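Everything numeric in this text was worked out from a predicted model, so none of it was measured. FYI, side chains are in, hydrogens and waters are out, and symmetry mates aren't considered; it's all heavy atoms of this structure. Chain A is the first sequence line, chain B the second, and so forth, proteins listed ahead of strands; every chain is numbered from 1.
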Amino acid sequence: MNHSNTPILVAVAWPYASGSRHLGHLAGAYLPADVFARYQRLMGNRVLMVSGSDVHGTPITVRADAEGVTPSEIADKYHAEFVKDWERLDISWDCYTSTGTNNHKEVVQELFMTLLNKGHIDKRTSEQYFDQEVNRFLPDRYIEGSCPHCEYLEARGDQCENCGRTLDPQELVNPRSKISGSEPELRSTEHFYLRLSDFEDSLEKWLSTRQGWRKHVLNFSKGWIEEGLQDRAITRDLDWGIEIPVDDLGEGKRIYVWFEAVVGYLSAAKEWAAKQGEPESWKDWWENDEAQSFYFIGKDNIPFHTIIWPGMLIGNGGLNLPTDVPANQYVTFKGGKASASRGVGLTIGEGLDMFEPDALRYALAANLPEQSDTDISIEEIVRRINEELVATWGNLVNRVLSMVNKTCEGQVPAPGNKKDEDNKVLSEVDAMLLKASQQLEKVEIRAALRSAMDGAAAVNAYLNATEPWRVAKEDPDRATTILSTALEAINGVRVALSPYLPFSTTKLEEILGPISSWERSPVVAGTPIPKPTPLFAKIEVTND
RNA sequence: GGCGACGUAGCUCAGUAGGUAAGAGCGCUCGACUCAUAAUCGAGAGGUCGACAGUUCAAAUCUGUCCGUCGCUACCA
């Protein structure tokens with residue numbers, strides 16, 4: 001740590017534009033990534049935070065068919081919704097794009113050609129079910145039929161939900177298309193395959209040298225490799241997706257999402273560089289040995305980021321592999337997995353309609369599923385906001401600014417001579433900043449927030465011990481010193497909270513001055529302190 | 001079925017390499033204070049660490065079995 005000016009790539013999972021994203025997605029990837037990126041910027045590092053909407057794939061085409069619109073209309077609709085969500089939350093992207101750009105297509109095709117020319121991609125023929133009514137080959141999970149093992153009538157082509165067994169679609173008895181209901185026929189089709197098995201040894205070696213990765217991420221990835229890596233079809237019989245850059249296979253085939261979406265991290269970096277007018281600058285994050293990359297994803301995405309994408313990078317050569325993949329577990333909503341489509345939990349938009357963005361960010365950051373699944377509810381969010389954010393931090397700022405406004409003629413007082421107790425609280429705040437920094441370096445976002453709040457509690461305790469409101473009556477100079485010290489302490493605490501609370505941070509910066517680095521900056525005597533308004537509103541709980 | 005993670009106070013969660021009497025926040029009880037958004041500060045109560053068995057001088061932590069939850073299982077991404 002403390003490497004100032006290090007290029008740090010903050011790569012965030014690409015939200016799938018087939019529906020609204022919910023608070024679980026926000027807590028799983030976007031919020032921790034944003035906190036981490038903001039922290040790294042304050043440490044003086046060169047952060048490039050990228051992501052974009054994933055606009056291809058079968059679920060989008062199926063939804064488009066169902067609604068009688070085109071796939072791009074669905075993708076555009078949700079892409080616009082995501083962009084609005086990010087603005088409302090102030091997620092600090094350097095580049096938020098989509099997989100529908102020309103640039104992305106070119107980068108994907110270039111990578112495809114490199115892997116093809118190096119022999120890591122080859123052609124194979126397989127038998128796939130084809131739905132004649134909708135004129136489309138069917139992904140395994142869009143085929144239903146009776147399970148050959150338990151005779152469950154609605155088994156999917158990839159797995160029977162009743163007995164849990166993994167299936168091949170050909171095993172299903174009386175197969176039918178989930179899209180049209182008709183009986184599909186087997187047709188032979190030729191596709192490109194990524195030879196993942198080529199990378200088994202190098203991936204195993206690479207994973208065995210990873211330090212400080214989360215236990216579930218590392219074990220899960222090693223497990224995949226121990227089972228043996230299977231080559232994987234890159235292309236699909238689709239007309240919605242990125243064109244294959246060679247015509248060997250004929251019409252009607254596209255590169256499929258799992259292969260191209262992860263390439264987005266690279267294409268977004270190139271898009272950003274081009275927009276900066278320095279088209280080669282993306283290399284600082286991808287080819288520089290000093291550069292670090294952190295991939296913020298949910299646990300369902302682990303193999304794509306610890307096996308498949310690194311495999312593709314190794315095959316391509318010359319590009320940096322992930323430094324860390326701090327995948328989060330899931331947020332459950334009152335015990336159930338959050339899912340907007342099933343009506344469990346809140347979408348990001350609904351959460352923002354209900355809570356101020358900083359308050360929502362606080363409540364989720366305090367409950368991030370970093371070690372295990374985490375349970376949340378509206379009551380829990382309200383509790384976090386009212387009993388922690390408002391009571392400990394919001395109230396601290398308010399009480400200090402109020403006292404300074406009243407007893408120091410509305411401006412920051414001169415420091416005066418400090419006593420031991422004054423120096424003690426300041427060193428507590430400095431120690432907190434160091435501790436939070438160490439935690440954030442390890443991507444312990446939630447623990448670092450706890451540290452920051454402990455800092456706020458220490459300042460509250462200092463005020464209760466020194467009682468400036470009483471001292472002001474007998475010894476105004478001493479009261480002034482106490483309040484000046486409290487302001488300095490707050491100046492430290494707000495630094496540690498700033499990655500989590502961008503909106504109230506800006507509000508405080510207007511009074512106390514800007515935050516420009518990860519340290520407690522001095523307060524400037526004479527700065528006007530107006531009568532404060534609360535940083536956060538308490539949520540009124542209505543009992544109906 | 002296989003693989004992985006998880007099961008710790010009323011609630012939400014920490015417990016890094018087995019070892020001082022098991023931790024935090026919130027809630028609860030008592031007390032202090034009254035500058036502040038009935039906010040703050042201090043003290044306290046509260047847990048046989050999912051069950052059972054084993055290894056060890058010592059187990060929340062290691063091993064095995066079982067129960068429960070979640071995820072993955074390669075064509076959802």
message: Taking G2(B) as the reference, what is the distance to A59(B) when you measure between their C1' atoms (whole Å, please)?
response: 29 Å
- prompt: Start at the 5' end of RNA chain B and walk down; is the nucleotide closest to Lys442(A) or to Ala457(A) reached first?
  reply: Lys442(A)
- prompt: How far does the P atom of C13(B) sit from the matching atom of C6(B), given to the nearest Å?
  reply: 14 Å
message: Is Asn398(A) close enough to U37(B) that one of its side-chain N or O atoms is under 4.0 Å from OP1 or OP2 there?
response: yes
message: Are Tyr256(A) and His56(A) an aromatic pair, judged by ring center distance below 6.0 Å?
response: no
- prompt: If only side-chain N and O atoms of Gln371(A) are considered, is one of them under 4.0 Å from the OP1 or OP2 phosphate oxygen of U16(B)?
  reply: no
message: Is there a side-chain contact between Asn367(A) and the phosphate of C13(B), meaning an N or O under 4.0 Å from OP1 or OP2?
response: no
query: Without hydrogens or angle criteria, can the side chains of Glu185(A) and Tyr129(A) be said to hold a donor-acceptor pair below 3.5 Å?
result: no
query: Stepwise, does the ring-ring contact (aromatic ring centres under 6.0 Å, His included) test hold for Phe112(A) with Phe192(A)?
result: CA-CA 10 Å; Phe112(A) 181 96; Phe192(A) 280 109; 5.3 Å; yes
- request: Looking only at side-chain atoms of Tyr16(A), point me to the closest of C35(B), A24(B), A77(B).
  value: A77(B)
Residues Ser221(A) and Thr306(A): side-chain donor-acceptor under 3.5 angstrom: yes
- request: For Asn301(A) and Ala13(A), work out which heavy atoms get closest and say how close.
  value: ND2-CB, 4.3 Å
Test item: Val404(A) and Leu487(A) side chains (from C-beta on) under 4.5 Å apart, heavy atoms: yes
field: Integer angstrom distance from the P of U61(B) to that of U20(B)
entry: 14 Å
task: For G27(B) versus U65(B), give the span between their C1' atoms, rounded off to a whole number of Å.
output: 38 Å
field: U16(B) to C30(B) separation - P atoms, rounded to the nearest Å
entry: 37 Å
Minimum-distance nucleotide (side-chain atoms of Asn460(A) versus A74(B), C41(B), A77(B)): C41(B)
Whole-angstrom distance between U73(B) and G54(B), as gauged at atom C1': 32 Å
- prompt: Hey, does the side chain of Thr374(A) come within less than 4.0 Å of C13(B)'s phosphate (OP1/OP2), counting only N and O?
  reply: yes
message: Give me the distance, rounded to whole Å, that separates A24(B) from G71(B) when you measure between the P atoms they each carry.
response: 32 Å
- prompt: Phosphate oxygens OP1/OP2 of A5(B): is one of them under 4.0 Å from a side-chain N or O of Lys215(A)?
  reply: no
Within residues 220-236 of chain A or reaching into it, pairs that qualify as salt bridge (Lys or Arg N to Asp or Glu O under 4.0 Å) - sequence neighbours excluded: Arg124(A)-Asp231(A)
query: Within the structure, does a side-chain N or O atom of Lys406(A) lie under 4.0 Å from either OP1 or OP2 of A36(B)?
result: yes
field: All stems with RNA chain B, defined as three or more consecutive Watson-Crick or G-U pairs under 3.5 Å
entry: B:1-7 with B:67-73, B:10-13 with B:23-26, B:28-32 with B:40-44, B:50-54 with B:62-66
task: Taking only the side-chain heavy atoms of Pro59(A) (C-beta and beyond), determine which of C76(B), U40(B), U12(B) contains the nearest atom.
output: C76(B)
query: A77(B), A36(B), U12(B): which one has an atom nearest the side-chain heavy atoms of Asp54(A)?
result: A77(B)
message: With rounding to the closest Å, how many angstrom separate the P atoms on C49(B) and C62(B)?
response: 15 Å
message: Out of the candidates His191(A), Arg187(A), Glu190(A), only one should pair with Asp237(A) under the side chain to side chain contact (heavy atoms under 4.5 Å, CB included) rule; please name it.
response: His191(A)
field: Interatomic distance where OH belongs to Tyr330(A) and P belongs to C6(B) [whole Å]
entry: 16 Å
- prompt: So, is Arg232(A) close to the C75(B) phosphate, meaning a side-chain N or O under 4.0 Å from OP1 or OP2?
  reply: yes
statement: Of Thr58(A) and Leu229(A), the one whose closest nucleotide on RNA chain B sits nearer the 5' end is Leu229(A)
query: Closer than 4.0 Å, any side-chain N/O of Ser372(A) to the OP1 or OP2 of A14(B)?
result: yes
